[in-house]
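Input: a single structure, listed below in structure tokens.
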There are 2 protein chains.
Amino acid sequence: GWARAVRGLLLDVSGVLYDSGADGGIPIAGSAEAVRRIKASGLKLQLCTNETQATRENFVRKLRALGFDVSVAEVTAPAPAACRLLKERGLRPHLLVHDDLIPEFAEVDKTNPNCVVLGDAAENFTYANLNEAFRLLIGMEKPVLISLGKGRYYKETDGLKLDVGAYMKALEYACDVQAEVVGKPAKKFFESALAELGVPAEQAIMIGDDIVSDVGGAQQCGMRALQVRTGKYRPSDENHPEVKPDAYVNNLAEAVDTILQHL
Amino acid sequence: GWARAVRGLLLDVSGVLYDSGADGGIPIAGSAEAVRRIKASGLKLQLCTNETQATRENFVRKLRALGFDVSVAEVTAPAPAACRLLKERGLRPHLLVHDDLIPEFAEVDKTNPNCVVLGDAAENFTYANLNEAFRLLIGMEKPVLISLGKGRYYKETDGLKLDVGAYMKALEYACDVQAEVVGKPAKKFFESALAELGVPAEQAIMIGDDIVSDVGGAQQCGMRALQVRTGKYRPSDENHPEVKPDAYVNNLAEAVDTILQHL
């Protein structure tokens with residue numbers, strides 16, 4: 001029953017389309033073909049990613065080089081959502097993010113910071129940079145920490161890596177504050193992705209490898225959600241105490257097979 | 001009333017005796033003289049520190065160079081306590097600690113690790129080292145994370161630094177485990193310090209700059225505890241929702257004045 005009455009798909013990227021890595025990453029077998037079949041079928045498609053290691057332009061360039069037929073307009077990512085939030089609230093960020101993400105914040109006033117924006121800074125997660133972000137926060141009368149996601153870890157081609165959520169928890173604890181999360185699993189973020197997809201929640205399916213951020217987050221917005229057994233999927237996810245996907249699939253290709261059969 | 005019937009003092013070190021720093025640190029005015037007066041009075045004294053950036057030998061050498069009349073036997077520190085715990089439970093650690101602490105673990109089998117021991121690794125808190133510790137933990141059937149303290153931050157001469165507790169929270173979140181804390185505020189650690197002091201809890205006073213680790217921890221063991229207004233003390237500590245010291249003092253010298261007047 002889970003595959004009925006679908007008009008659009010939200011796809012997580014890392015772990016669903018490809019396994020990311022410093023080497024540029026490796027496509028997951030069948031995923032590029034699956035994206036082509038989704039588009040050929042007339043289903044709508046939006047990538048819903050917490051990727052914060054590159055601008056959307058560079059991210060799409062990388063995906064296209066790996067064989068994925070996707071465009072910048074088809075990417076919903078945390079940095080543009082964060083820029084909207086900063087503007088709305090008159091916040092001037094100190095950025096602790098990946099060098100390649102910095103252009104997304106080009107239009108934002110960063111003088112005399114009154115908040116910290118934390119992304120998956122990777123090699124920029126140095127002891128010195130973490131201390132600097134911490135000192136800025138602890139020096140604020142009311143520290144404002146905005147985190148581009150709260151993932152625990154992700155898988156790259158050379159192994160598992162700590163994700164932004166781990167560093168968010170470090171700063172939260174040190175400053176005794178709660179971060180505001182932009183990106184999955186925030187409800188507002190999924191709602192933006194659905195708006196960009198142009199399909200109501202009950203006609204959309206989210207497909208991801210993260211049981212909490214992808215599956216749990218999407219379900220809380222009234223979507224169906226599948227977990228793929230690729231990327232950072234671990235068998236113990238199937239015993240998660242709180243989140244249960246609408247279905248498990250071995251990979252994106254298998255999900256698309258089933259969905260297309262039900263069109 | 002807080003200064004009556006005292007036979008021994010437990011002293012935190014960083015922020016009470018001196019402000020630590022890469023330059024070796026700076027003694028807090030009056031503290032070296034206060035240590036001499038404690039000893040001359042016949043009161044017992046034990047340093048109760050979460051210091052994990054050096055062996056006790058090097059730590060004491062540094063303190064003596066700053067003018068403090070203390071010996072290795074007068075230092076209760078987390079690393080030796082962790083070594084006892086590892087031995088009792090047959091645990092073989094992967095160490096993510098400061099280089100200078102490694103000799104404290106010389107006698108411990110570190111082959112084929114089945115736990116991670118986390119200390120204040122300072123410059124060793126690199127992205128690569130944190131990922132390595134994380135991968136070891138997430139690869140264990142039941143991850144065991146032992147943390148030498150859970151402090152949020154401390155003050156060095158060049159500014160505030162994130163302490164081991166922040167990195168502990170990062171790994172706890174990423175691995176969905178709870179660390180076992182050796183060091184303040186663990187009850188077992190204060191009990192070791194009291195045993196080494198040779199004075200029962202009700203006749204001992206803890207003096208520290210950390211409202212939670214020093215004051216809260218000691219009070220939970222039945223001791224009185226003072227917070228000094230030096231080191232990382234912040235005025236907002238005086239509104240802490242859970243912990244209230246038996247008294248505030250401006251510094252160690254002032255505490256010792258009052259205690260000696262009541263002998």
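No experiment lies behind these values; they were computed from the predicted model shown. Naming: A, B, ... by sequence-line order, numbering from 1 per chain. Only heavy atoms go into these numbers, but all of them, side chains included; no hydrogens, no water, no symmetry mates.
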Heavy-atom closest contact (R135(A) atom, G159(B) atom, distance) =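 Reported closest heavy-atom pair: NE-C, 4.1 Å.
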Of the non-hydrogen atoms in A166(A) and A170(B), which two are nearest, and what is the gap between them?
-> O-CB, 3.2 Å
Do side-chain atoms of [X] reach the backbone of [Y] as a donor and acceptor pair under 3.5 angstrom?
{"X": "Y173(A)", "Y": "K150(B)", "value": "yes"}
{"X": "Y127(B)", "Y": "A121(A)", "value": "no"}
{"X": "R152(B)", "Y": "C175(A)", "value": "no"}

Where on F125(B) is there a heavy atom nearer than 4.5 Å to chain A: the side chain, the backbone, both, or neither?
-> both
Is chain A contacted by the side chain of A128(B), its backbone, both, or neither, given a heavy-atom distance below 4.5 Å?
->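 A128(B) has no heavy atom closer than 4.5 Å to chain A.
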Answer yes or no: are there more than 12 heavy-atom neighbours, outside [X] itself, under 6.0 Å from its atom [atom1]?
{"X": "Q178(B)", "atom1": "CD", "value": "no"}
{"X": "K110(B)", "atom1": "NZ", "value": "yes"}
{"X": "K244(A)", "atom1": "NZ", "value": "no"}

Do you know which of G139(B), A174(B), G151(B), G165(B) has the most heavy-atom pairs with chain A at a distance under 4.5 angstrom?
->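 The answer is A174(B).
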Gap between atom OH of Y153(A) and atom CD1 of I138(B) - 0.5 Å precision =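 It is 4.5 Å, given to the nearest 0.5 Å.
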First locate atom CG of L162(B), then atom OH of Y167(A), and finally report the distance between them rounded to the nearest 0.5 Å.
->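 Going from the CG atom of L162(B) to the OH atom of Y167(A) covers 11.5 Å.
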Note: vs chain B, highest number of non-hydrogen pairs under 4.5 angstrom among L130(A), N131(A), L171(A), N124(A) is N131(A)
